[in-house]
Amino acid sequence: MRAAVFEEAGKPLKVERLPDLVPGAGQLLLRVARCGICGSDLHMTQGHGYTVPGGTVLGHEFTGEVIETGAGVEGFAKGERVVAMPIAGCGKCRYCLAGEPAWCEALEFLSGGYAEYALVNAATAMRLPATLSDADGALVEPLAVSLHGIAMAGIKPGARVLVQGAGPIGLAALFWARRVGAGRVDVIEGAPVRAAIADRMGADSVTAPQPLDPAGFAQRPDPEKLYDVVVECVGRPSLLMQAVSFLRPGGTVVSLGYCFEPDGIVPAVAGGREARMLFPQLYTVAEFRHALAVLDSGAVEPRHMVTRSVSLDVLPDVFDTLRSNPGECKVLIDPSAVLN
């Protein structure tokens with residue numbers, strides 16, 4: 001099969017042929033239909049902070065067609081379209097039985113969507129309804145990420161919410177904040193394409209980011225401009241402290257940017273707001289299923305996030321471009337497409 005392989009930081013992905021995959025017990029072999037390029041893929045391959053091992057085939061936001069089933073798999077047939085959580089637990093511990101495999105001690109990450117075929121865990125796979133496209137299926141995973149963070153924040157009806165960054169995770173946070181009843185959702189985003197998508201998806205305002213000024217974090221801004229919840233969706237150092245500076249007393253910061261570098265917090269400043277800081281990890285089975293169900297119910301706003309689809313042939317160049325040019329939003333990979 002053809003796949004785009006990460007070799008080492010500083011080098012582009014390399015499209016090469018790898019041995020065909022064979023599903024193990026409890027697994028499904030999928031022909032990948034669409035796979036999203038995630039910001040964490042970019043972070044984990046740039047050589048700063050955690051870096052994935054050489055030889056890794058990235059891609060965890062994908063959907064595809066069942067080609068083969070492994071031993072013990074029931075309820076799935078060849079030819080069915082499915083979307084799956086890209087993780088596998090033991091299936092027996094209290095976390096797995098509670099639908100929270102992210103906390104399983106035997107947790108395994110199943111990336112591999114940057115390829116023609118990929119393996120998923122049948123226990124956390126779900127059929128893709130006929131009402132949804134392959135592109136819709138690739139949006140379920142990032143939607144579940146933001147859903148988990150918004151659910152943890154406990155946003156109350158009428159709350160004021162600020163989203164830092166209008167990449168896919170930030171836009172998904174905007175989407176969920178609206179659905180749970182936030183009274184106002186403002187977005188900070190400087191890239192024109194992403195800012196326009198945020199506006200289209202219902203942001204009350206979209207403003208460009210201001211230069212970070214650590215000296216000003218402790219200053220008291222206009223109380224009318226403070227927020228109950230600030231969702232950090234960029235993943236760069238200093239933005240968590242900036243998020244604290246936007247909080248009302250007793251407010252909540254949700255860290256969805258997944259920064260891979262050390263980031264300093266001034267406890268006295270955070271304490272001055274009595275800030276609650278949350279660091280969500282993945283999602284539950286129920287949240288993943290809910291994200292899929294909401295798309296199936298007719299929610300169309302998330303589709304605005306997709307800016308284009310590309311083939312495996314051009315993926316290495318596109319991947320490198322996305323590091324330095326955040327102007328696009330969700331780029332999908334179509335492994336069956338010819339050069340484009």
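Quick note: residue numbers are just sequence positions, from 1. Computation of the quantities below employed the complete heavy-atom set of this structure, encompassing side-chain atoms and omitting hydrogens, waters and symmetry-equivalent molecules. Owing to the predicted nature of the structure, the values given are computational and were not obtained by experimental measurement.
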Quiz prompt | ring-ring contact (aromatic ring centres under 6.0 Å, His included) partners of residues 163-211, not counting sequence neighbours, each pair once | solution = Trp176-His290
Tabulate below the donor-acceptor pairs under 3.5 Å that side-chain atoms of residues 5-18 make, not counting sequence neighbours, or state none.
none

Quiz prompt | Check: Glu189 side chain, Ala166 main-chain N or O, donor-acceptor pair, under 3.5 Å | solution = yes
Exercise. Just jot down the side chain to side chain donor-acceptor pair (under 3.5 Å) partners of Asp204, sequence neighbours excluded, or say none.
Key: Arg178
Quiz item: Can you name the side chain to side chain donor-acceptor pair (under 3.5 Å) partners of Ser297, sequence neighbours left out?
Solution: none
Exercise. Indicate the ring-plane relationship of Tyr283 and Phe288, choosing parallel, tilted or perpendicular according to the 30° and 60° boundaries.
Key: tilted
Self-check item: Residue list, salt bridge (Lys or Arg N to Asp or Glu O under 4.0 Å) with Lys156, at least two apart or on another chain
Solution: none
Practice problem: Please name all residues satisfying side chain to side chain donor-acceptor pair (under 3.5 Å) with Thr252, sequence neighbours left out, ordered by chain then number. | Solution: Arg276
Self-check item: side chain to side chain donor-acceptor pair (under 3.5 Å) involving Arg289 - partner list, sequence neighbours excluded
Solution: none
Quiz prompt | Set of residues satisfying salt bridge (Lys or Arg N to Asp or Glu O under 4.0 Å) with respect to Arg127, sequence neighbours excluded | solution = Glu80
For a quick test of your reading: what N or O donor-acceptor pairs under 3.5 Å do the side chains of residues 24-36 make, sequence neighbours left out?
residue	atom	partner	partner atom	Å
Gln27	OE1	Gly24	N	2.8
Arg31	NH1	Glu65	OE1	3.3
Arg34	NH1	Asp334	OD2	3.4

Quiz item: Asp263: what forms a salt bridge (Lys or Arg N to Asp or Glu O under 4.0 Å) with it, not counting sequence neighbours?
Solution: none
Self-check item: Gap between atom OG of Ser309 and atom CD1 of Ile37 - 0.5 Å precision
Solution: 9.5 Å
Quiz item: Remaining members of Tyr95's ILVMFWY cluster at a side-chain heavy-atom cut-off under 4.5 Å?
Solution: Trp103
Self-check item: Set of residues satisfying salt bridge (Lys or Arg N to Asp or Glu O under 4.0 Å) with respect to Glu61, sequence neighbours excluded
Solution: Lys330
Quiz item: With a 4.0 Å cut-off, would you call Arg2 and Asp313 a salt bridge?
Solution: yes
